[in-house]
Amino acid sequence: MPFLFGDDVMFRGNSATLEDVNIYIDKESVMMLNSSRAFCRKYMNLRRVVVNDGFDNESLSFVPDDIMSKFLCKLAYSAQRLTLSTTLATERLLSMTPRRLHFEHVQELDLYAKPLSLYAILNLLRAAPTLVKLTCDVSGLGSGFGHIVPGDIPDYIVSTYGAAGKNLKLWIMPSVTNGERSLHITEYYMLVALACPRLSPFGHTSINLLNYHTTIVESLQSGPYSKYAQRLVRLIHGV
């Protein structure tokens, strides 16, 4: 059991003073915290909640979908910053249908445990309109939209997601490296930027920034991105 007590006593009476929470979760703790409505109240000064794997983390697989979604959404509602350092919790987050995913209050989201597809990132941004900073890696080298012709993906994102990430300013990819992968990551960055009008230029020190700038410039001169040049030129100049 991740807690010293069998209920939410440690979260009572401190809604104005609690600043940081670091918890280790399993099925028993999720069920208990959800039933006790521990994070239904708003903690005025709660800056960050970190969620880690508990001793019996495999038991998270047996938490019903509706309870797991309520638990994660409550955490996102309570804290300014939510960090999921557990693979299973991240997988459960990504498996949620859009109607279950409500992250309207969280400003920073850290997902270190599992890379996300482009599709998952865009759906997450749509569910978290107040998100300012996202930390996650991107999975694979493809777009994540297997049913759409690659040249049509920019148009699809603009028409489907609009300005879903209207407040996102920073997207950090912890495992970015140089090489061929960096070219694909640059394209990912452009695609996400189409739905994030305030996204800053890519500033990761592990990527070849010259290749990054060259790829964007060439993409904006012709091809499917050229019609969005005015929208994406900020990724070069930061305006």
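The first residue in the sequence is number 1, and the count goes up from there.
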Asker: To the nearest 0.5 angstrom, please state how far the SG atom of Cys196 sits from the OH atom of Tyr189.
Answerer: 9.0 Å
Asker: With side-chain contact (heavy atoms from CB on, under 4.5 Å) as the test, would you mind laying out the steps for Leu131 and Leu124 before giving the verdict?
Answerer: CA-CA 10 Å; Leu131 197 65; Leu124 188 60; 5.5 Å; no
Asker: Please report the closest heavy-atom contact between Asp66 and Ser69, naming both atoms and the distance.
Answerer: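 Taking every non-hydrogen atom into account, O-OG, 2.9 Å.
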Asker: Output the distance between atom CG (Leu134) and atom CE (Met173), rounded to the nearest 0.5 Å.
Answerer: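 That separation rounds to 9.0 Å.
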Asker: So, Asp26 and Ser29: side-chain donor and acceptor under 3.5 Å apart, yes or no?
Answerer: yes
Asker: Is there a side-chain contact (heavy atoms from CB on, under 4.5 Å) between Leu125 and Val192 once you walk through the steps?
Answerer: CA-CA 9 Å; Leu125 291 174; Val192 170; 4.0 Å; yes
Asker: Treating Ile, Leu, Val, Met, Phe, Trp and Tyr as nodes and any side-chain heavy-atom pair under 4.5 angstrom as an edge, say whether Tyr112 and Val138 lie in one connected cluster.
Answerer: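 In one cluster with Tyr112: Val138, no.
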Asker: Can you tell if the side chain of Val63 reaches within under 4.5 Å of the side chain of Phe71, non-hydrogen atoms only?
Answerer: no
Asker: Determine whether Asn123 and Arg126 make a side-chain contact, defined as any pair of heavy atoms from C-beta on separated by less than 4.5 Å.
Answerer: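 With C-beta onward as the side chain, the pair touches.
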Asker: Step by step, would you call Trp171 with Cys136 a side-chain contact (heavy atoms from CB on, under 4.5 Å)?
Answerer: CA-CA 8 Å; Trp171 176 20; Cys136 72; 3.5 Å; yes
Asker: State which residues pass side-chain hydrogen bond (donor to acceptor under 3.5 Å, both in side chains) with Asp20; sequence neighbours excluded, sorted by chain then number.
Answerer: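 Result, side-chain hydrogen bond (donor to acceptor under 3.5 Å, both in side chains) vs Asp20: Arg47.
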Asker: Looking only at non-hydrogen atoms, find the nearest pair between Asn167 and Thr130 and report the distance.
Answerer: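 Looking at all heavy atoms of both residues, the closest pair is ND2-CA, 4.0 Å.
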Asker: Which residue pairs satisfy the salt bridge (charged side-chain N to carboxylate O under 4.0 Å, His left out) criterion with at least one member in residues 161-172, sequence neighbours excluded?
Answerer: none
Asker: Of the non-hydrogen atoms in Pro201 and Leu235, which two are nearest, and what is the gap between them?
Answerer: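 That closest heavy-atom pairing would be CB-O, 3.3 Å.
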Asker: Would a hydrophobic clustering, with Ile, Leu, Val, Met, Phe, Trp and Tyr connected at side-chain separations under 4.5 Å, put Tyr119 with Ile185?
Answerer: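 Yes, because Tyr119 and Ile185 connect within a single hydrophobic cluster, where side-chain heavy atoms sit under 4.5 Å apart.
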Asker: Salt bridge (charged side-chain N to carboxylate O under 4.0 Å, His left out): which pairs involve residues 101-123, sequence neighbours left out?
Answerer: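 For residues 101-123, and leaving out neighbouring residues, the salt bridge (charged side-chain N to carboxylate O under 4.0 Å, His left out) pairs sorted by first residue read Arg81-Glu108, Arg81-Asp110, Glu91-Lys114.
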Asker: Measuring from atom CD of Gln80 to atom CG of Leu109, what distance do you get when rounded to the nearest 0.5 angstrom?
Answerer: 14.0 Å
Asker: Report whether Val50 and Val21 are members of the same hydrophobic cluster (ILVMFWY, side-chain heavy atoms less than 4.5 Å apart, transitive linking).
Answerer: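 Result: no, two separate clusters.
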Asker: Take Arg234 and Leu199, measure what side-chain contact (heavy atoms from CB on, under 4.5 Å) needs, and give me the verdict at the end.
Answerer: CA-CA 8 Å; Arg234 72 180 189 281; Leu199 187 64; 4.0 Å; yes
Asker: Got a sec, which residues hit side-chain contact (heavy atoms from CB on, under 4.5 Å) with Leu170, two or more places apart in sequence or on another chain?
Answerer: Lys133, Ile172
Asker: How long is the gap from CG on Leu118 to CD1 on Ile157, to the nearest 0.5 Å?
Answerer: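 Reported to 0.5 Å precision, the distance equals 5.0 Å.
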Asker: At what distance, to the nearest 0.5 angstrom, does CG of Asn22 lie from CG of Asn52?
Answerer: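 The distance works out to 5.0 Å.
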Asker: Would you indicate whether the side-chain heavy atoms of Val132 and Arg198 approach each other to under 4.5 Å?
Answerer: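 Contact flag for Arg198/Val132 side chains = no.
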Asker: Tabulate below the donor-acceptor pairs under 3.5 Å that side-chain atoms of residues 148-156 make, not counting sequence neighbours, or state none.
Answerer:
from   : atom 1 : to     : atom 2 : distance (Å)
Asp155 : OD1    : Lys227 : NZ     : 3.4
Asp155 : OD1    : Tyr228 : OH     : 2.6
Asp155 : OD2    : Lys227 : NZ     : 3.4

Asker: When hydrophobic residues are tied together by side-chain contacts of less than 4.5 Å, even through go-betweens, does Ile67 share a cluster with Val51?
Answerer: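 Per the 4.5 Å side-chain linkage, Ile67 and Val51 are co-clustered.
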Asker: Shortest non-hydrogen contact from Ile216 to Met190?
Answerer: CG1-SD, 3.9 Å
Asker: For the atom pair CD (Glu28) and OG (Ser59), what is the distance rounded to the nearest 0.5 Å?
Answerer: 8.5 Å
Asker: State, with a plain yes or no, whether a side-chain heavy atom of Arg231 is found less than 4.5 Å away from one of Val158.
Answerer: yes
Asker: For a quick test of reading the model, state the closest non-hydrogen atom pair linking Ala193 to Leu232 and the distance between them.
Answerer: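 Reported closest heavy-atom pair: CB-CD2, 3.8 Å.
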Asker: Closest heavy-atom contact between Pro197 and Gly165?
Answerer: CD-O, 4.0 Å
